[in-house]
Peer 1: 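Sharing a structure, written as structure tokens. Questions coming.
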Amino acid sequence: MKIDRLIGILSILLQQDRVTAPYLAETFEVSRRTIQRDLEALCKAGIPIATTQGAGGGISVMEGYRIDRTLLTSSDMQAILAGLRSLDSVSGTNRYAQLMEKMSAGTSSVLAGDNHILIDLASWYKASLAEKIELIHSAIEQGKTIRFHYYAPRGESDRTVEPYYLVFQWASWYVWGWCRGKEDFRLFKLNRMTELAAGEMFEKRRAAYPNLRTERVFPANVQVKAIISGKYKWRLIEEYGAGCYVEQPDGRCLFSFGFTDRDQILTWILSFQGEAELLEPVDLRDELRQIGETLGKTYERT
């Protein structure tokens with residue numbers, strides 16, 4: 001992408017005294033004419049670039065701009081590298097690592113040292129997820145719709161969406177876009193999609209960045225109280241934080257938290273395999289009892 005190349009060229013110019021157009025063209029695998037257009041774009045952006053002809057000549061940032069030479073320190077570049085590697089973990093390519101190498105060309109010290117931050121954004125569904133991310137990313141860049149069959153708690157449906165953002169949130173990948181069926185912006189989870197395909201070109205709308213505050217997307221509609229075995233402290237802390245329970249004299253935990261929907265509560269309580277008692281909401285206790293009776297009949301020995 002052009003923006004990637006512009007950042008890479010600027011980084012090289014800030015780190016080296018002088019480079020040649022053929023060197024930049026070879027580094028970024030484009031023509032010299034493309035490099036010339038990129039340099040013109042940087043000049044229009046306010047970067048004072050000088051070109052010197054003849055032996056010993058080349059392209060450089062004007063001397064008066066040297067104060068910004070430390071725009072990206074070694075620590076900065078290491079942090080950027082960690083982020084780029086995290087994107088490679090789901091893209092199925094080395095695209096972002098290669099970009100980083102181009103940005104750091106000519107300064108071997110930038111990537112030296114310990115790579116002590118490792119971020120992997122992949123999931124158990126890495127193989128299929130990488131393909132979906134690449135297809136959606138390409139559709140966003142090209143301004144194409146995406147079509148897919150979607151599985152949601154309230155049922156299945158076929159959707160056509162104008163995609164705007166790929167989002168990694170709550171340990172999962174989503175796409176934010178305009179759903180033509182609902183005529184509104186929606187957030188769709190990639191793992192719930194099948195039959196994903198790119199569609200036709202569309203005219204882009206004004207799309208603000210999605211408001212992904214947890215309390216907005218997952219509002220605490222139902223307040224829950226439960227008594228849970230103390231051996232599950234680790235799970236309560238991992239899922240909801242250390243302040244979600246009060247330890248009782250007998251070692252059990254009095255849990256209190258807000259859930260989005262009732263079905264989620266039932267599934268969650270049952271996952272403790274009988275070592276959690278739901279206190280509130282009271283009406284859900286009857287539903288849990290009925291589920292227990294149904295399970296008993298299902299697994300009753302004949």
Peer 1: With the side chain counted from C-beta on, respond yes when L236 and C253 share a heavy-atom pair under 4.5 Å apart, and no when they do not.
Peer 2: yes
Peer 1: Would you call H149 and R159 a side-chain contact if the rule is heavy atoms closer than 4.5 Å?
Peer 2: no
Peer 1: Are any non-hydrogen side-chain atoms of F255 and V224 less than 4.5 angstrom apart?
Peer 2: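 Side-chain contact under 4.5 Å: yes.
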Peer 1: Counting only N and O atoms by type, is there a donor-acceptor contact under 3.5 Å from the side chain of Q248 to the main-chain atoms of V246?
Peer 2: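 Checked: pair present.
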Peer 1: Grab the two heavy atoms, one from I136 and one from I146, that are nearest each other, plus how far apart they are.
Peer 2: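 So the two residues come closest at CG1-CD1, 4.3 Å.
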Peer 1: Given the rule that I, L, V, M, F, W and Y join up when any side-chain heavy atoms are under 4.5 Å apart, are V282 and L288 in one cluster?
Peer 2: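 Different clusters: V282 never reaches L288 through Ile, Leu, Val, Met, Phe, Trp or Tyr contacts under 4.5 Å.
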Peer 1: Would you call R235 and S271 a side-chain contact if the rule is heavy atoms closer than 4.5 Å?
Peer 2: yes
Peer 1: Do Y174 and L187 touch side chain to side chain, with heavy atoms closer than 4.5 Å?
Peer 2: yes
Peer 1: So, for F259 and Q264, which heavy atoms are closest and what is the spacing to 0.1 Å?
Peer 2: CD2-CD, 3.6 Å
Peer 1: What's the spacing between L196 CG and L135 CG if we round to 0.5 Å?
Peer 2: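 Answer rounded to 0.5 Å: 4.5 Å.
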Peer 1: Taking the six-membered ring for Trp, is the centroid-to-centroid distance between F188 and Y150 below 6.0 Å?
Peer 2: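 Ring centroids of F188 and Y150 are less than 6.0 Å from each other.
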Peer 1: Which heavy atom of L166 sits nearest a heavy atom of I140, and at what distance?
Peer 2: N-CD1, 4.0 Å
Peer 1: How far does CD of E26 sit from CD1 of I35, to the nearest 0.5 angstrom?
Peer 2: 11.0 Å
Peer 1: Please report the C-alpha distance between T34 and D38 in whole Å, then the side-chain angles of each, then the deciding distance to 0.1 Å, and finally whether the side chain to side chain contact (heavy atoms under 4.5 Å, CB included) criterion is met.
Peer 2: CA-CA 6 Å; T34 297; D38 289 342; 4.0 Å; yes
Peer 1: Can you spot which of Y240, W268, F272 makes a ring-ring contact (aromatic ring centres under 6.0 Å, His included) with Y232?
Peer 2: F272
Peer 1: Evaluate whether atom CD of Q273 has more than 12 neighbouring non-hydrogen atoms of other residues, nucleotides or ligands under 6.0 angstrom away.
Peer 2: no
Peer 1: Take atom NZ in K182; do more than 12 heavy atoms of anything else shown fall under 6.0 Å from it?
Peer 2: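 No, NZ of K182 has 12 or fewer neighbouring heavy atoms, counting only those of other groups under 6.0 Å.
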Peer 1: Can you tell me if T145 and R147 form a side-chain donor-acceptor pair at under 3.5 Å?
Peer 2: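 T145 vs R147: no donor-acceptor pair found between side chains.
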Peer 1: I'd like to know whether Y23 forms a side chain to side chain contact (heavy atoms under 4.5 Å, CB included) with I12, so could you lay out the CA-CA distance, the side-chain angles of the two residues, the decisive distance to 0.1 Å, and finally the verdict.
Peer 2: CA-CA 11 Å; Y23 168 79; I12 290 174; 4.3 Å; yes
Peer 1: With heavy-atom distances below 4.5 Å as the criterion, would you say the side chains of W173 and L129 are in contact?
Peer 2: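 In contact.
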Peer 1: So does D263 get a backbone contact from the side chain of T267, meaning a donor-acceptor N/O pair under 3.5 Å?
Peer 2: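 Between the backbone of D263 and the side chain of T267 there is a qualifying donor-acceptor contact (under 3.5 Å).
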Peer 1: How close do L13 and I59 get, counting heavy atoms only, and between which atoms?
Peer 2: CD2-O, 3.8 Å
Peer 1: Can you find a pair of side-chain heavy atoms, one from T260 and one from V222, that are under 4.5 Å apart?
Peer 2: no
Peer 1: Is there a path of hydrophobic side-chain contacts, each under 4.5 Å between heavy atoms of I/L/V/M/F/W/Y residues, joining F257 to W234?
Peer 2: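 Yes, W234 and F257 fall within the same hydrophobic cluster.
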Peer 1: Mind listing the closest non-hydrogen atom pair of R180 and F202 along with its distance?
Peer 2: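 Shortest heavy-atom contact: NH2-CB, 3.6 Å.
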Peer 1: Would R262 and D283 pass as an ion pair if we require N to O under 4.0 Å?
Peer 2: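 A salt bridge links R262 with D283.
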Peer 1: Please tell me if the side chains of V175 and M193 come closer than 4.5 Å, counting only heavy atoms from C-beta onward.
Peer 2: yes
Peer 1: Do I227 and L266 belong together in a cluster built from hydrophobic side chains that touch within less than 4.5 Å?
Peer 2: no
Peer 1: With distance as the sole criterion, is a donor-acceptor pair present between the side chains of Q142 and S138 under 3.5 Å?
Peer 2: yes
Peer 1: Distance alone, cut at 3.5 Å: any donor-acceptor contact between the side chains of S31 and R37?
Peer 2: no
Peer 1: Can you tell me how far apart CD1 (I291) and OG1 (T298) are? Round to the nearest 0.5 Å.
Peer 2: 11.5 Å
Peer 1: Apply side chain to side chain contact (heavy atoms under 4.5 Å, CB included) to F148 and K132, showing your working.
Peer 2: CA-CA 11 Å; F148 52 88; K132 290 178 181 178; over 6 Å; no
Peer 1: Which heavy atom of I228 sits nearest a heavy atom of A276, and at what distance?
Peer 2: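 Nearest pair, atom of I228 first, then A276: CG1-CB, 3.8 Å.
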Peer 1: Under a 4.0 Å threshold between the charged nitrogen and the carboxylate oxygen, would R289 count as salt-bridged to E293?
Peer 2: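 Here E293 pairs with R289 in a salt bridge, since their nearest N and O are under 4.0 Å apart.
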Peer 1: Does D184 come within less than 4.0 Å of R186, counting only side-chain N to carboxylate O?
Peer 2: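 So D184 pairs with R186 through a salt bridge.
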Peer 1: Would you give the length of the straight line joining atom CD of E277 to atom NZ of K225, rounded to the nearest 0.5 angstrom?
Peer 2: 13.5 Å
Peer 1: Enter the distance from L284:CG to L278:CG here, rounded to the nearest 0.5 Å.
Peer 2: 6.0 Å
Peer 1: Any Lys/Arg nitrogen of R285 or E280 sitting under 4.0 Å from an Asp/Glu carboxylate oxygen of the other?
Peer 2: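 E280 and R285: not salt-bridged.
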Peer 1: Hey, is E162 close enough to R206 for a salt bridge, meaning N to O under 4.0 Å?
Peer 2: no
Peer 1: Between W178 and F185, does the ring centre distance come in under 6.0 Å?
Peer 2: yes
